[in-house]
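See structure below.
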Amino acid sequence: MDTQWPRYMVFQQEGPDQPVVHNGTVHAPDAELAMLNARDVFVRRPEAVQLWVVLADVIFTQTQEELSTTASINRLIDADPPPAAGRLIDFYVFGKFTQQAQCRHVGEVQATSPQAAVQAAITTLADKQPLWWWVFPVSAVLKNESTEAEPMFSAARYKTFKDQAEYPVVTMMRALRNQKANQKDTENTK
Amino acid sequence: MYGADVEQIAIQLNEDPQKLADFEARIARGEKIEPGDWMPAEYRRQLIRMISQHAHSEVVGMLPEGAWITKAPSLRRKLILLAKVQDEAGHGQYLYHAAETLGATREEMLDALLDGKAKYSSIFNYHTTSWADNGAIGWLVDGAAILNQTMLARCSYGPYSRAMVRICMEENFHRKQGQEMIILYSQGTPTQRAMVQDAITRWWWPTLMMFGPHDADSPNSGVLIRWGIKTRTNDELRQDFINQLVPDLQACGIVLPDPDLHYDAASKNWRTGPINWDEFWAVLKGNGPANAERMAARRQAHQDGQWVREAAAAYAAKSELQVN
C-alpha cells in the first residue's frame, strides 16, 4: 500500500554548552522533511538550540559486546582497505558512556571507512571508552542554521502550560484536606 | 517454566545455554541491552509485542480527547488539550522507533493497526461523553499509565527504557492538568460537581482494568520479569494506584462506584470489589463501546493523509532529479 520512507536518526543539542545527543528517529522522504518532522516530534518542549538529521543507514555502530568478540575485531580489520587506497573522510564519533545514557558527541576522526573510524576513535579518544560507538560522515548530516534556531525552537518556550510545575495539585489537595478537617472541628465543637 | 534454571530454558527456547547465561548475567548486573547485542529470540518477540501495542495505544489514545478540542470551555483548556494530544502523537513516534530497533518496520506495525490485527489499550474503547472526561482521563488513565511507564523506564532494553524516561516526564503534565481540573470542578457549581462524579464513576473500573489481568492469569509476566522488561506485576501496580487515588478522590468529595471498597488496616491497602474481567476481555476482543468507531477514525485519518504523503514523496523525487 505505502512504501516506507527512509529512517533518519535525530540528534539534539539542548543548550550551547551541552553535547549533541541522539534522540530517536523519524521517517521522511528527504532530509528537509526529516528536519521538520524531527522538530515536531522531539522539540515540543523548549530544550533545543540545534537539531541534526542523518540517514540511519549511514551510521556504523559497534557495541562493547560486539567489540569484545575476536570475530568483530577481525571484521573491523578485514573490512578496512589500506589507507593509500581510500580517501580520508571526516567522521563524527558518538558514544554511550553509562547504562542509562544516550549516545552523545565525542569528537571527530579522519578515516577511509566507518570501520577504520571506529578503530581511530578507539586509539585517539582512548580516555573515553564507551559502551557503544557510533560513527558517520560529517558530510551526511543536515543541521539547522544557527539563525534558524530562534524561529524553529523558541515558540515552545512560551507554552508554560506544558510544564507539570504549572499545576500545584499537591498544594491544592493539602488545602482541600485542611478545609475538610476544619469543617469537622467546627461540627465537633457545636 | 521461568522458575527453572538457565540450561532448561535454553533447551526449551532452542538458545545457546552459554549465550543465554551471559545475557541473563548482564541483566542481573543492571546493564542495558542495546540493538546490536545478542538477545534471545523470545526477548525480541516479547519486546516487539509490548512496544508496538504501547505505540498503538498512544496513537489511538489521541481520539477520545481529540474530539473535545473544539469544545474546550476556555482558551487555556484548549491549549492544554491541544498540547496533550500532540504529545500522545509524539509518544507513539518515540515508541515505534524503539520497536524498529528490534527489526520491526513501522510500515508493518501501522498496517497491523489499520487491519485491526494489533492490540492497543482497552481503555481507549470507551466514549468520552462529557468535558469532565478529559479530567478523568488525565488524572486516572494517565496516572495509571505513569505507574506502568515509570517501571518500564527501568527496563533492560535500552531504547525502550530511554523512550519511557522521556514519556514519563511529559505524562506528568497530562496527569496534573487532569487532577487540577477534577479538583476545581469537584469544588465548583452543583452541575460541575455532578459532571465530575459522573466522569469518575464511568472511568474508575476501566482504569483498574488497564493494569491487565490478575498475576495468576497473566501468561507473559514470568518471562517479562525474569528478563527485566517488567520489574513489578500487574496486581502490585494496580494496588499502588488504588492506594494513591482513593484517598485523594474521596477528599474531593467523589464517591467511587464500588460498594465493597474498604481500607484494610492490617495490610495498609485499599481493597476493591471484584473486577469485571468479562468486560475487559470483551473490550480487548473488539466488542467494547467504541472499538469500531476508533478503528474507523484511525483508517479515515490515514486515508486523508494519503495526498500529503504522495506530495512529499513527489517533491523529494523531483529535488533528487535536480541534484543529479
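Source: prediction; values computed, not measured.
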Measure across [X] and [Y] and return the closest heavy-atom pair with its distance rounded to 0.1 Å.
{"X": "Ala101(A)", "Y": "Arg162(B)", "answer": "O-NH1, 3.4 Å"}
{"X": "Arg309(B)", "Y": "Trp5(A)", "answer": "O-CZ2, 3.3 Å"}
{"X": "Met173(A)", "Y": "Ala251(B)", "answer": "CE-CB, 3.8 Å"}
{"X": "Ala313(B)", "Y": "Pro29(A)", "answer": "CA-CB, 4.1 Å"}

Close side-chain approach of [X] and [Y], heavy atoms under 4.5 Å:
{"X": "Gln86(B)", "Y": "Lys162(A)", "result": "yes"}
{"X": "Gln179(B)", "Y": "Tyr167(A)", "result": "no"}
{"X": "Glu31(B)", "Y": "Gln64(A)", "result": "no"}
{"X": "Pro168(A)", "Y": "Lys176(B)", "result": "no"}
{"X": "Glu100(B)", "Y": "Thr25(A)", "result": "yes"}

For [X], is it the side chain, the backbone, both or neither that has a heavy atom under 4.5 Å from a heavy atom of chain A?
{"X": "Glu34(B)", "result": "side chain"}
{"X": "Glu310(B)", "result": "neither"}
{"X": "Arg154(B)", "result": "neither"}
{"X": "Asp87(B)", "result": "both"}
{"X": "Arg106(B)", "result": "both"}
{"X": "Pro159(B)", "result": "neither"}
{"X": "Ile183(B)", "result": "side chain"}
{"X": "Arg76(B)", "result": "side chain"}

Who wins among [options] for the most heavy-atom pairs under 4.5 Å with chain B?
{"options": "Thr98(A), Val169(A), Asn23(A), Asp30(A)", "result": "Val169(A)"}
{"options": "Arg7(A), Glu32(A), Arg44(A), Gln164(A)", "result": "Arg44(A)"}
{"options": "Gln179(A), Gln99(A), Gln100(A)", "result": "Gln99(A)"}

Let me confirm one number: the [atom1]-[atom2] distance from [X] to [Y], rounded to the nearest 0.5 Å.
{"X": "Gln93(B)", "Y": "Asn37(A)", "atom1": "CD", "atom2": "CG", "result": "8.0 Å"}
{"X": "Thr105(B)", "Y": "His27(A)", "atom1": "OG1", "atom2": "NE2", "result": "8.0 Å"}
{"X": "Gln102(A)", "Y": "Ser161(B)", "atom1": "CD", "atom2": "OG", "result": "9.0 Å"}
{"X": "Glu65(A)", "Y": "Ile33(B)", "atom1": "CD", "atom2": "CD1", "result": "7.0 Å"}
{"X": "Phe173(B)", "Y": "Arg45(A)", "atom1": "CZ", "atom2": "CZ", "result": "6.0 Å"}

task: Test Lys32(B) against Trp132(A) for side-chain contact (heavy atoms from CB on, under 4.5 Å), laying out the working first.
output: CA-CA 11 Å; Lys32(B) 298 288 178 206; Trp132(A) 200 10; over 6 Å; no

task: Please step through side-chain contact (heavy atoms from CB on, under 4.5 Å) for the pair Tyr94(B) and Val41(A), ending with a clear verdict.
output: CA-CA 8 Å; Tyr94(B) 304 161; Val41(A) 173; 3.8 Å; yes

- prompt: Considering residues, nucleotides and ligands other than Tyr315(B), do more than 12 of their heavy atoms fall under 6.0 Å from its OH?
  reply: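 Check fails, neighbour count at 12 or below.
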
Interface moiety of Lys96(A) toward chain B, non-hydrogen atoms closer than 4.5 Å: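 Answer is side chain: those atoms of Lys96(A) sit under 4.5 Å from chain B.
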
statement: Cut-off 4.5 Å, heavy atoms of chain B, and the answer for Lys180(A) is side chain

message: At a heavy-atom distance under 4.5 Å, which candidate from Pro35(B), Ala153(B), Gly92(B), Gly30(B) has the highest pair count against chain A?
response: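 Going by pairs under 4.5 Å, I would pick Pro35(B).
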
task: Heavy-atom pairs under 4.5 Å with chain A are the metric here; pick the option from Lys84(B), Arg26(B), Arg166(B) that has the most.
output: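 Ranked by contacts with chain A, first place is Arg166(B).
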
